[in-house]
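Here is the structure we will look at.
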Amino acid sequence: MAFEIDIGFCSLAGSKESNEDFCAAMLPERDQEGMGAIAAVADGVSRGGMGKEAAQTTVVSLLRDYYGTPQTWDTTVALDRIISAQNSWLAGINQRRHPAMGMTTLTALVLRGQSYTLAHVGDSRAYLLRGGETLQMTHDHVVKHPDFQHQLLRAVGLEDRVVVDYVQGDLQVGDVFVLLTDGVHGEIPASRIGRFTQDVSAQVASGALVAAALKAGSRDNVTALVVRVLGLLDATLQDENRAAQALSIPAKLRVGERIDGLLVTAPVADNGINVLYQVRDPASQTLYALKTLHPARAHDPQERTMLAHEAWLAKRMQSSRAADHLVHIHEDLPTGQKRSAFYLLYDWHGGETLQQQLDRKQSLGVAHVLGVGVQALKALGRLHRQGVIHRDIKPANLHQGEDGVLRVLDLGVALSGREPAAMRALHAGTPSYVNPEQWGFRVKSAGTGTKVGPSEDPPEELPTAQSDLFALGVTLYELLTHKLPYGDVLPYQVGRYYRDPTPPSRHNPQVPIWLDHVVLKAVALDQRQRFETAEEFLLALERGASRPLSAPQGTPLMQRDPTALWKVGLAVSVLFNLLLVYWLIFLPK
């Protein structure tokens, strides 16, 4: 749904000579839509005559600097960093001058994705009008005494450290947020605020609120800012994380049990971290795949965050061409109920994974393997163009549907640039399909004068698009030969890369020589000899025998194993000494 809100504001000096209130709002620029919109009101406290400046600089710096924070930060983190910095600056000025030059209240609102975040200090207020009810979202930080009710206990610039109240919640279309300074909310009770916002624009509503406060006798500056939600953005990663942490993890489900109206029909997979079930919508008899955390991982916040990232990424990919080869994820339940627990719901597709075909010892024809390679490369190319690295391409994660479509499964460890740091640092993927560089193994030109191969402290590389292509090359090799090019590799077992892979045609005579060259290039020891992009790999498969690739150069022994010369020297030395001993003992003197 399009990003659509209506914002209006009005700020007047009222009966005072100058207006020390300040309010502003800002919409995201292009490519920053994920940051949402931000609005704020501030009421300057002018003990030293600079309340106006304090209010203005606080609001302006907040709105300006908010869009300079990383999009991966939670909204509360971004707001807290900015408000704390502004407070330190104002407090430093106030401590050097007596009386204090200026302080301010602050109430800020961020609408991001499908949630809102409120930050509040002082006695300005925020109200939420929803479903005919008016809810006060903030608490006044003032002395609870009739004679001192305007004396602030908290304000930006009052002390070295400011404590900010934060409120977060879900957005709904039709929500109206009203931000007011005390010159308005002190004269208009909460029960009457809704009257001024019904069936009018946000700008008209804000003006009506200010006019009503002045008519009621307000002797202070009067400011009102109204935000009406007309449309929601797609859920952000922060939305998914908040839901992941708030909802419970379902207990182990049994066949015949129901969850949110969905009937569990079969357990599918359980790897100790995630559990996958087949479920059915009783009304439509449609099958779905339900993925959630294992109950033993229910209290692991990092695992929840990783599954939330998968949900966010799967939803984001549905709006791209990559969706043709991915499984559709459902944001709303087909039963119409709300989720009572944290889980992901995917479409169910008939068919089987390539691993299931291999497990049956099924002989896969060359044409079938080529079809798999072409579809997989189209899917990977589209993912890579979106900046997504799958990280776990293997036969078990490639599903051949009954409709003939090859689908890439499991985005659980994929890199998107927005993944949590713990997930980025995780050495994910199945070892036999992981490119050697991730284990610290490298092949370099002998002319550089540098040693080649595993080092004592191997500098591991983060996965790239080439990592997915290497994994797919290993997969195609396995489909053609039922063997792995480097055998079963254990983590950090760089000794496995002591030789170049055997050409697939040696194991399967049906494999043409041109396909030998393509697959060997995909799984070459030397990273520089491999395909750089999915498009280059795809082109080589599509051209086939019409424009075959040259046979990849074998990796010299000295480049595969820099200690080979020492090993040969040691062998010669041992042989020489054995001959010498034989000569001394057995030959006649």
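This chain uses plain numbering: 1 for the first residue, then up along the sequence.
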Heavy-atom pair of closest approach, residues Y67 and G36: OH-O, 2.7 Å
Heavy-atom donor-acceptor pair, D410 side chain to D392 backbone, under 3.5 Å: no
Nearest atoms (heavy-atom pairs only) where P501 meets L520: O-CD2, 3.9 Å
Verdict with supporting geometry, R382 and D324, salt bridge (Lys or Arg N to Asp or Glu O under 4.0 Å): CA-CA 10 Å; R382 292 168 181 176; D324 295 342; 3.2 Å; yes
Residue pairs passing the ring-ring contact (aromatic ring centres under 6.0 Å, His included) test where at least one lies in residues 501-547, sequence neighbours excluded: F531-F537
Y66 side-chain N/O to M26 backbone N/O, donor-acceptor pair under 3.5 Å: no
Candidate pair L539 and E535, rule side chain to side chain contact (heavy atoms under 4.5 Å, CB included), full reasoning: CA-CA 6 Å; L539 186 62; E535 290 74 17; over 6 Å; no
Test: E437 and R530 ion pair at under 4.0 Å: yes
Between H309 and N241, a side-chain donor and acceptor under 3.5 Å: no
Closest approach of P334 to D281 (non-hydrogen atoms, all atoms of both residues): CB-OD2, 3.9 Å
Between OH on residue Y343 and CG on residue L262, distance to nearest 0.5 Å: 5.5 Å
Side-chain (K394) to main-chain (T475) donor-acceptor, under 3.5 angstrom: no
Reported CG-to-OH distance for the pair L111 and Y116, which is rounded to 0.5 angstrom: 10.5 Å
Under 3.5 Å donor-acceptor, S416 side chain and G387 backbone: no
N435 and Q438: side chain donor to acceptor below 3.5 Å: yes
Intermediate values then yes/no, side chain to side chain contact (heavy atoms under 4.5 Å, CB included), K521 and E536: CA-CA 11 Å; K521 180 179 177 65; E536 181 189 4; 4.0 Å; yes
Short side-chain donor-acceptor distance under 3.5 Å, D260 and S340: yes
Nearest non-hydrogen partners of A289 and W348, listed with the distance: CB-CE3, 3.8 Å
Check: H399 side chain, R407 main-chain N or O, donor-acceptor pair, under 3.5 Å: no
Whether over 12 other heavy atoms sit under 6.0 Å from E29 CD: no
Over 12 foreign heavy atoms within 6.0 Å of CD, Q337: yes
Side chain Q375, main chain V372, donor-acceptor under 3.5 Å: no
Identified side-chain hydrogen bond (donor to acceptor under 3.5 Å, both in side chains) partner of Q168 from the options T76, D239, T117: T117
Inter-residue atom distance L307.CG - R304.CZ, 0.5 Å rounding: 9.5 Å
Polar side chain donor-acceptor pair, T265 to R280, under 3.5 angstrom: no
Heavy-atom check, side chain of F470 versus side chain of Q527, under 4.5 Å: no
Under 3.5 Å: donor-acceptor pair, side chain of D468, backbone of R391: yes
Donor-acceptor under 3.5 Å (S467 side chain, T464 main chain): yes
Donor-acceptor pair, side chain of E240 and main chain of L237, under 3.5 angstrom: no
Shortest non-hydrogen contact between T292 and P250, atoms and distance: OG1-CD, 3.4 Å
Between CG on residue L380 and CG on residue L469, distance to nearest 0.5 Å: 6.5 Å
Minimum-distance pair of heavy atoms, taken over all atoms of A471 and I393: CB-O, 3.4 Å
Separation between CD of Q386 and CZ of R316, rounded to the nearest 0.5 Å: 6.0 Å
Derivation and outcome, side chain to side chain contact (heavy atoms under 4.5 Å, CB included), residues E352 and Q400: CA-CA 6 Å; E352 57 185 356; Q400 189 75 59; 5.5 Å; no
Within 6.0 angstrom of Q356 CD, more than 12 heavy atoms from elsewhere: yes
Q302, CD atom: more than 12 neighbouring heavy atoms under 6.0 Å: no
Under-4.0 Å salt bridge between D170 and R242: yes
Exam field: side chain R339 to backbone E331, donor-acceptor pair closer than 3.5 Å: yes
Over 12 foreign heavy atoms within 6.0 Å of CZ, R360: yes
NE2 on H325 to CG on L398, rounded to 0.5 Å: 11.5 Å
More than 12 heavy atoms of other groups within 6.0 Å of K315 NZ: yes
Worked verdict on L411 versus H390 for side chain to side chain contact (heavy atoms under 4.5 Å, CB included): CA-CA 6 Å; L411 294 172; H390 187 278; 3.9 Å; yes
